[in-house]
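Remarks on the structure that follows.
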Amino acid sequence: MAKKSLLIVALIMSMVRLESYSQSKVYTPELLWKLGRVSELQLSPDGKTLLFGITYYDVEKNKGSRNLWTMSVDGSSLKKITETESSEQNAVWRPDGQKIGFLFPVDEDMQLFEMNPDGTNRQQISHIKGGIEGFKYAEDMSKILFIKSVKLDPNTQDRHQDMPQANVLIAEDLMYRHWNAWTNYSYSHVFVADYPNLKTVTDIMDGERFACPIPNFGGMEEINFSPDGKKIAYTSKKKVGKDFAMTTNSDIYLYDIDNKTTINISSPNAGYDIDPVFSPDGTMLAWASMQTEGFESDKSRIFIHHFKTNQTIDYSVDFDASASEFSFSKDGKILYFLSVNKGTIQIYALNIAKKQISAQTEGLHDYHNICVGNNCIYALRESMKYPADVFVVDLKKKVQTQLTNINKDLLQDVASIDVKERWVRTTDGKQMLVWVVLPPNFDATKKYPAILYCQGGPQSAVSQFFSYRWNFQILASRGYVIVAPNRRGVPGFGQEWVNQISLDYGGQNMKDYLTAIDNIAKEPYVDETKLGCVGASYGGFSVYWLAGNHQKRFKVFIAHCGMFNFKSWYATTDELFFANHDLGGYFWNNPQPKSYDFSPNNFVDKWDTPIMVIHGGNDFRIPYTEGLQAFNIAQMKGIPSKLLYFPEETHFVVKPQNSIIWHREFLDWLDKYLK
């Protein structure tokens with residue numbers, strides 16, 4: 001009997017180990033933070049070598065480190081060329097291909113360094129006081145341009161010089177804070193300098209209280225040298241204070257280096273004009289242009305200025321989608337770009353002479369960061385199932401080939417999700433794409449709880465993104481079916497579909513959400529008595545709104561950084577043009593815009609479902625007081641509720657340990673009410 005008992009105990013222990021092993025082979029928050037994150041793909045001037053960065057995070061240290069790698073264009077000879085705890089940024093090939101330039105911190109300031117393509121002979125090139133934030137080489141290598149902050153506004157110590165220890169912000173205009181930072185009284189300017197000595201330095205925006213790139217998400221894609229190195233095209237929204245907050249009207253400026261003169265070549269347009277790119281021969285300049293002032297999600301059109309005829313032509317009149325990330329072919333005849341198409345981001349080509357646009361890729365994936373080679377394009381590709389890797393697209397054969405598999409060892413034994421494409425008929429008779437994400441090792445004979453995912457934006461694509469914040473692998477691996485509708489407002493289905501959501505926040509898009517979850521809940525593998533609803537930003541607002549209008553569908557809610565009270569949000573957000581366009585203007589107008597009737601605080605009398613509220617203290621787009629209002633009211637009403645407040649985080653939770661806690665609390669809250 002003793003031997004039999006020992007055998008039974010051993011068998012049980014073996015089963016426990018097997019179960020533990022099986023559970024470890026799905027996505028977890030901890031696994032997510034072990035993945036290498038590929039970024040900033042660059043093709044060498046001779047077209048033979050690829051350069052990119054990979055960031056790995058150390059959860060214990062609560063920080064990441066980005067090192068540089070090179071690889072032959074056929075996917076061979078992968079080599080790590082830097083090994084530092086600090087991160088190399090903005091890495092690019094020097095135009096002669098003999099060096100790689102990059103930014104690296106020196107006494108906390110970023111400076112320009114160069115090294116050989118194999119990582120040897122690392123040398124500091126710049127010694128700019130205060131550091132630089134980005135740079136580019138002229139093609140002939142006679143000059144470089146770089147961006148750095150220039151202090152132009154007086155701070156408290158300038159105003160009160162006898163109070164050096166004072167800590168007070170004094171504001172007399174708007175934009176005293178933006179996105180995640182209070183004003184530092186400075187503006188990012190573009191400088192041009194002789195290379196390689198950098199002795200003669202010129203601020204091409206000298207004295208201007210304007211910025212390039214546009215705060216807060218613009219980068220070096222907004223600035224480019226002409227091929228002959230004589231001109232610089234750059235993007236700027238030349239407004240300050242309240243005027244800056246109320247408009248999207250940015251323009252493309254052309255600076256003549258020899259004459260030190262600047263002209264605006266996009267002035268007739270009232271909306272965004274961004275990201276200028278010269279053709280290889282310098283005869284054309286392409287950029288992305290939005291027509292409507294104040295509408296950040298208007299159709300992004302393909303504008304090309306022809307210098308010989310002094311004409312600017314819209315090449316996307318018949319293309320009912322937005323275009324971004326422009327790159328010319330080597331001969332300048334084709335302009336390649338990215339566009340959202342039915343829940344995916346694909347590569348497209350514009351034949352300039354024929355004014356014809358054609359898709360170059362297809363499939364359930366998103367492309368980013370394209371680099372044009374000879375009859376091919378190198379790019380990063382990702383999906384809901386796989387993090388980004390380097391791919392090459394053969395433009396003649398239309399074949400897509402994977403060149404790297406950076407996370408192969410980590411993921412080779414990890415069970416993945418299955419993503420289904422579902423088309424659902426909406427209440428107004430339209431066809432809506434709904435992504436249905438099934439758990440790993442899905443068993444159609446079982447019943448699973450389901451989660452309605454509400455997208456942010458509101459005009460952001462529900463594409464095949466692999467997110468490190470809202471990761472469907474992790475959520476589905478917990479045993480949930482995810483329902484992710486491409487509801488009204490998301491791009492990829494024509495501009496009319498995008499435009500409809502403005503002024504109608506509690507209208508058709510909410511019907512789209514409910515239609516989607518009702519449709520999928522009918523599946524035999526979904527337990528319709530165990531439905532949850534989650535979302536961030538506009539998705540967080542959607543959760544708050546649905547909490548008062550869901551007719552008992554959901555058993556639990558989670559809202560991250562959502563708008564709760566439209567009036568208080570309008571009066572505290574930073575970029576007012578967004579609120580003015582999508583809500584219809586000031587709430588004190590008489591009559592008040594009807595959009596304010598959709599504010600979730602109007603429906604809290606119907607709140608009766610457990611809700612978790614999450615917010616970041618440095619979120620100035622949707623200030624954290626919106627979350628406090630929602631949580632406080634839930635508490636006062638006696639509704640089971642929990643608040644996660646991250647004092648140092650912004651609209652996003654990005655620090656490793658904070659993110660893992662975010663995921664743990666998020667998943668535990670769902671499990672508590674759905675399992």
Quick one: does any side-chain atom of [X] pair with a main-chain N or O of [Y] as donor and acceptor, under 3.5 Å?
X: Q346; Y: Q360; result: no
X: S463; Y: T344; result: no
X: Q592; Y: F587; result: yes
X: H560; Y: H651; result: yes
X: T650; Y: F652; result: yes
X: N602; Y: D597; result: yes

[X] side chain near [Y] side chain, heavy-atom distance below 4.5 Å:
X: V483; Y: V434; result: yes
X: V604; Y: F564; result: yes
X: F646; Y: S659; result: no
X: Q473; Y: F466; result: yes
X: F52; Y: L380; result: no
X: D574; Y: R621; result: yes
X: P439; Y: V481; result: yes
X: W497; Y: D320; result: no

Quick one: do [X] and [Y] make a salt bridge, cutoff under 4.0 Å?
X: R553; Y: D518; result: yes
X: K552; Y: D608; result: yes
X: K342; Y: E421; result: no
X: D58; Y: K63; result: no
X: E523; Y: K420; result: no
X: K642; Y: D668; result: no

Counting heavy atoms not belonging to [X], are there more than 12 under 6.0 Å from its [atom1]?
X: Q412; atom1: CD; result: yes
X: K430; atom1: NZ; result: no
X: E60; atom1: CD; result: no
X: K446; atom1: NZ; result: no
X: E528; atom1: CD; result: no
X: E362; atom1: CD; result: no
X: Q635; atom1: CD; result: yes

Nearest 0.5 angstrom please: [X] [atom1] to [Y] [atom2], how far?
X: L583; Y: L503; atom1: CG; atom2: CG; answer: 8.0 Å
X: C533; Y: K555; atom1: SG; atom2: NZ; answer: 13.0 Å
X: S641; Y: I633; atom1: OG; atom2: CD1; answer: 11.0 Å
X: M432; Y: K511; atom1: CE; atom2: NZ; answer: 13.0 Å
X: T515; Y: I520; atom1: OG1; atom2: CD1; answer: 11.0 Å
X: K530; Y: K447; atom1: NZ; atom2: NZ; answer: 11.0 Å

Looking only at side-chain N and O atoms, does [Y] offer a donor or acceptor that is under 3.5 Å from a partner on [X]?
X: D582; Y: S502; value: yes
X: N658; Y: E649; value: yes
X: N509; Y: Y538; value: yes
X: D298; Y: T292; value: yes
X: S568; Y: Q629; value: yes

Find out whether the Lys NZ or Arg CZ of K675 is both under 6.0 angstrom from the six-membered ring centre of Y480 and within 45° of the ring's axis.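 Geometry flag: set, cation within 6.0 Å and 45°.
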Could you tell me if R422 sits above the aromatic ring of W435, with its cationic atom closer than 6.0 Å to the ring centre and no more than 45 degrees from the axis? no
Is it the case that the ring center of [Y] lies less than 6.0 angstrom away from the ring center of [X]?
X: Y505; Y: W569; result: no
X: F557; Y: H550; result: yes
X: Y544; Y: F541; result: no
X: F465; Y: W470; result: no
X: Y525; Y: F442; result: yes
X: F566; Y: F598; result: no
X: W669; Y: Y673; result: yes
X: Y468; Y: Y57; result: no

Looking only at heavy atoms, which two atoms of [X] and [Y] are closest? And how far apart?
X: F620; Y: A181; answer: CE1-N, 3.3 Å
X: G562; Y: I622; answer: O-CG2, 3.5 Å
X: S467; Y: L32; answer: O-CD1, 4.4 Å
X: I660; Y: V59; answer: CD1-CG1, 3.7 Å
X: A521; Y: V526; answer: CA-CG1, 3.7 Å
X: A634; Y: I611; answer: CB-CG2, 4.0 Å

List the steps and the verdict of ring pair (Phe, Tyr, Trp, His ring centres under 6.0 Å) for F472 and Y453. CA-CA 10 Å; F472 290 164; Y453 167 76; 5.0 Å; yes
With salt bridge (Lys or Arg N to Asp or Glu O under 4.0 Å) as the test, pick out the partner of D512 among R488, R487, R425. R488
Mind running side chain to side chain donor-acceptor pair (under 3.5 Å) on T427 and Q508 for me, showing each step along the way? CA-CA 8 Å; T427 57; Q508 184 60 50; 3.0 Å; yes
